[in-house]
Asks: 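Below: one structure in structure tokens.
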Amino acid sequence: MPIALIVLAAGQGSRMQSDLPKVLHRVAHAPLLAHALRAGGVLQPDRVVVVAGHGGEAVEAATRALDPEAVVVRQAEQRGTAHAVAQASAALEDFSGDAIILYGDTPFIRPETLDAMLAARAEGADVVVLGFEAADPGRYGRLIVQDDRLERIVEAKDATPEELAIRLCNSGVIAADKHLLFELIEQVGADNAAGEHYLTDIVALARAARRAARVVICPEAETLGVNTRADLARAEAAFQDRARLDAMATGATLTAPETVFFAHDTVIGRDVAIEPNVVFGPGVTVETGATIRAFSHLEGCHVSADCVVGPYARLRPGAELDRGVKIGNFVEVKAAQIHEGAKINHLTYIGDAEIGARVNVGAGTVTCNYDGVAKHRTTIGADAFIGSDTMLVAPVTIGAGAMTGSGSVVTDDVPDGALAMGRARQETKPGYAERLQQAFRARKETR
Ligand code: UD1
Ligand code: CA
């Protein structure tokens with residue numbers, strides 16, 4: 001059965017107190033909208049329609065970046081959830097199949113849950129609503145169920161005290177045949193406490209038309225919606241909990257999982273060890289057997305098998321570590337390919353560079369890549385030895401097997417196998433230290 005996702009994302013999200021549209025606030029470095037699209041994406045939908053309104057331009061641009069095939073339609077005025085879904089009708093004119101309504105601010109619906117909803121459809125339910133037992137039903141719509149059949153949904157604002165006592169609540173996620181869905185939505189009025197066109201009314205309308213409606217129940221955590229910054233923090237915590245468990249389930253060791261933060265797209269291999277207080281920005285892959293030591297920050301980088309990174313290392317976008325590379329404390333690497341077995345262990349900045357296999361970079365080395373206007377590259381051949389406190393003034397190339405003397409400022413290329421020294425020659429004056437100290441003391445006494 002072909003599937004169309006309709007993702008509602010028009011609301012202002014006024015309780016976020018933000019200039020950014022709510023669905024563009026981020027969890028694990030991805031907008032809420034991306035999480036919602038990913039949740040629905042597991043069904044491999046044939047069509048995706050995002051209904052944008054507040055901050056429509058920004059939402060449209062974000063949608064295009066996330067899924068170039070998605071269609072964005074505008075809901076100029078937010079006149080209720082049914083009215084929002086109706087905006088998708090023209091975009092789905094030529095589509096036949098099931099429509100599933102998701103929400104841009106509800107990031108954690110699991111694939112199993114959507115599968116269960118489709119299974120209920122396959123078993124003959126015309127309208128399937130995703131419900132949950134709410135710990136605090138508050139302002140959620142209540143599901144009125146009789147003998148396994150869903151009869152109607154009543155919004156909290158319109159509910160009687162008896163209905164308010166019901167804890168089975170509406171998540172808002174609905175699956176139905178597309179043609180039936182829009183047929184029902186056309187009949188929805190706005191004669192209710194909010195004066196809105198409630199999507200939830202389609203259940204009673206379906207029942208009146210002798211159609212079958214059913215509830216599929218999921219855990220409340222899955223339907224977690226984001227309305228406030230506090231909700232956003234809770235969503236982040238929920239994401240991280242799950243990501244830590246996933247990493248461990250696939251064979252990573254996390255010494256203190258509650259202190260490790262993943263991004264939405266972090267990939268961690270088997271037998272990777274992650275020490276406490278490690279933070280992953282977007283775009284990181286860590287392969288089998290690598291160790292990420294405490295207090296490291298990784299972003300947009302690739303760590304190959306058996307590397308050791310940290311403690312206190314920073315890998316920035318474009319850091320490519322081949323197998324068995326060692327990056328030690330207070331080392332920053334950006335846009336640099338580090339070949340197999342190279343060691344950069346202490347207090348160093350490597351940016352816009354290529355470092356050959358088995359190179360040893362001494363403590364305090366800096367690739368001086370920026371001249372205030374442009375960035376320049378540093379290339380170091382295999383087996384070279386960079387002495388401590390070498391300033392590599394790019395563009396510069398150090399040949400294979402070459403060496404630089406400690407404290408050198410290297411501005412010219414160094415051929416293979418050569419030794420480059422770029423520093424003042426040492427002068428040693430016997431006895432001078434003692435004489436100098438005496439002079440200083442004498443000066444102090446006469447003051
Ligand atoms: C809705 C449901 C309620 C359910 C709850 C779950 C209705 C009438 N009520 O209530 O039964 O328990 O969600 O969270 O559907 N939106 C638009 N355009 C609009 C109105 C809403 O895009 O014109 C979007 C909002 O951005 C939001 C979502 O739809 O993401 C839900 O709308 P909201 O007004 O928050 O509905 P609730 O009152 O929470
Ligand atoms: Ca809501």
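Counting starts at 1 for both ligands and their atoms, in listed order. Because the structure is predicted, anything quoted here is derived from the model rather than measured.
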Asks: Mind checking whether G80 has an N or O less than 3.5 Å away from an N or O of ligand 1?
Replies: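 Between G80 and ligand 1 (N or O atoms, distance only) the closest approach is under 3.5 Å.
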Asks: State whether the side chain of D46 and the backbone N or O of A4 hold a donor-acceptor pair below 3.5 Å, judged by distance alone.
Replies: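 A pair under 3.5 Å: no.
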Asks: Can you list the ligand 1 atoms lying under 4.0 Å from a non-hydrogen atom of T200?
Replies: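 Close to T200: 7 (C), 8 (C), 9 (N), 11 (O), 15 (O).
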Asks: Given Q75, H83, Q78, E155, which one has a non-hydrogen atom that is nearest to atom 9 (N) of ligand 1?
Replies: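 The nearest heavy atom belongs to E155.
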Asks: Could you list which atoms of ligand 1 come closer than 4.0 Å to a heavy atom of T81?
Replies: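 This gives 7 (C), 8 (C), 15 (O), 20 (C), 21 (C), 29 (O), 31 (C), 32 (O) as the contact atoms.
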Asks: Any atoms of ligand 1 less than 4.0 Å from a non-hydrogen atom of R139? List them with their elements.
Replies: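 Going through ligand 1 atom by atom, the ones under 4.0 Å from R139 are 38 (O).
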Asks: Side chains of H83 and E77: do they bring a donor and an acceptor to under 3.5 Å?
Replies: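 On atom types as modelled, these side chains do not qualify, holding no pair under 3.5 Å.
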Asks: Working to the nearest 0.5 Å, report the span between CZ of R293 and CG of N277.
Replies: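 One gets 13.0 Å once the value is rounded to the nearest 0.5 Å.
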Asks: Should the ring pair F280 and F262 be called parallel, tilted or perpendicular, given that the plane angle runs from 0 to 90° and is split at 30 and 60?
Replies: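 Correct class here is parallel.
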Asks: Scan for side-chain hydrogen bond (donor to acceptor under 3.5 Å, both in side chains) pairs involving residues 25-38, sequence neighbours excluded, and state none if there are none.
Replies: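 Of all non-adjacent pairs touching residues 25-38, those that pass side-chain hydrogen bond (donor to acceptor under 3.5 Å, both in side chains) are S18-H25.
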Asks: Where's the contact between Y140 and ligand 1, heavy-atom distance under 4.0 Å: side chain, backbone, both or neither?
Replies: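 Near ligand 1, Y140 shows its backbone as well as its side chain.
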Asks: Which of the atoms in ligand 1, numbered in the order shown and given with their element, are less than 4.0 Å from a heavy-atom of S171?
Replies: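 Listed by number with element: 6 (C).
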Asks: Check each atom of ligand 1 against the heavy atoms of D105 and keep those under 4.0 Å away; list them by number with element.
Replies: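 Once the distances to D105 are compared, the set is 27 (C), 30 (O).
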Asks: Which heavy atom in L199 sits nearest to a heavy atom in Y103, and how many Å separate them?
Replies: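 It is CD2-OH, 3.7 Å.
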Asks: If you count the atoms of ligand 1 from 1 in the order shown, which ones are under 4.0 Å from a heavy atom of G141?
Replies: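 Matching atoms, with element in brackets: 3 (C), 4 (C), 11 (O), 12 (O).
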Asks: R110: what forms a salt bridge (Lys or Arg N to Asp or Glu O under 4.0 Å) with it, not counting sequence neighbours?
Replies: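 Checked R110 against salt bridge (Lys or Arg N to Asp or Glu O under 4.0 Å); matches are E112, E222.
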Asks: In terms of atom number and element, which parts of ligand 1 are under 4.0 angstrom from non-hydrogen atoms of A84?
Replies: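 Taking each heavy atom of A84 in turn, ligand 1 has 17 (C), 18 (N), 22 (O) under 4.0 Å.
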Asks: Near Y198, which atoms of ligand 1 are under 4.0 Å from a heavy atom of that residue?
Replies: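 By the 4.0 Å cutoff, the relevant atoms are 8 (C).
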Asks: Give yes or no for whether the N/O distance cutoff of 3.5 Å, strictly under, is met between L199 and ligand 1.
Replies: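 No, since none of the N or O atoms of L199 sits under 3.5 Å from an N or O of ligand 1.
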Asks: I need the L66 CG to R64 CZ distance, nearest 0.5 Å.
Replies: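 Spacing of CG (L66) from CZ (R64) equals 11.0 Å.
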Asks: Does any N or O atom in N170 lie less than 3.5 angstrom from one in ligand 1, N or O only?
Replies: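 N/O-N/O distance under 3.5 Å: yes.
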Asks: Any chance you could lay out the salt bridge (Lys or Arg N to Asp or Glu O under 4.0 Å) test for D148 and R214, step after step, and finish with the verdict?
Replies: CA-CA 7 Å; D148 238 30; R214 259 191 58 191; 5.5 Å; no
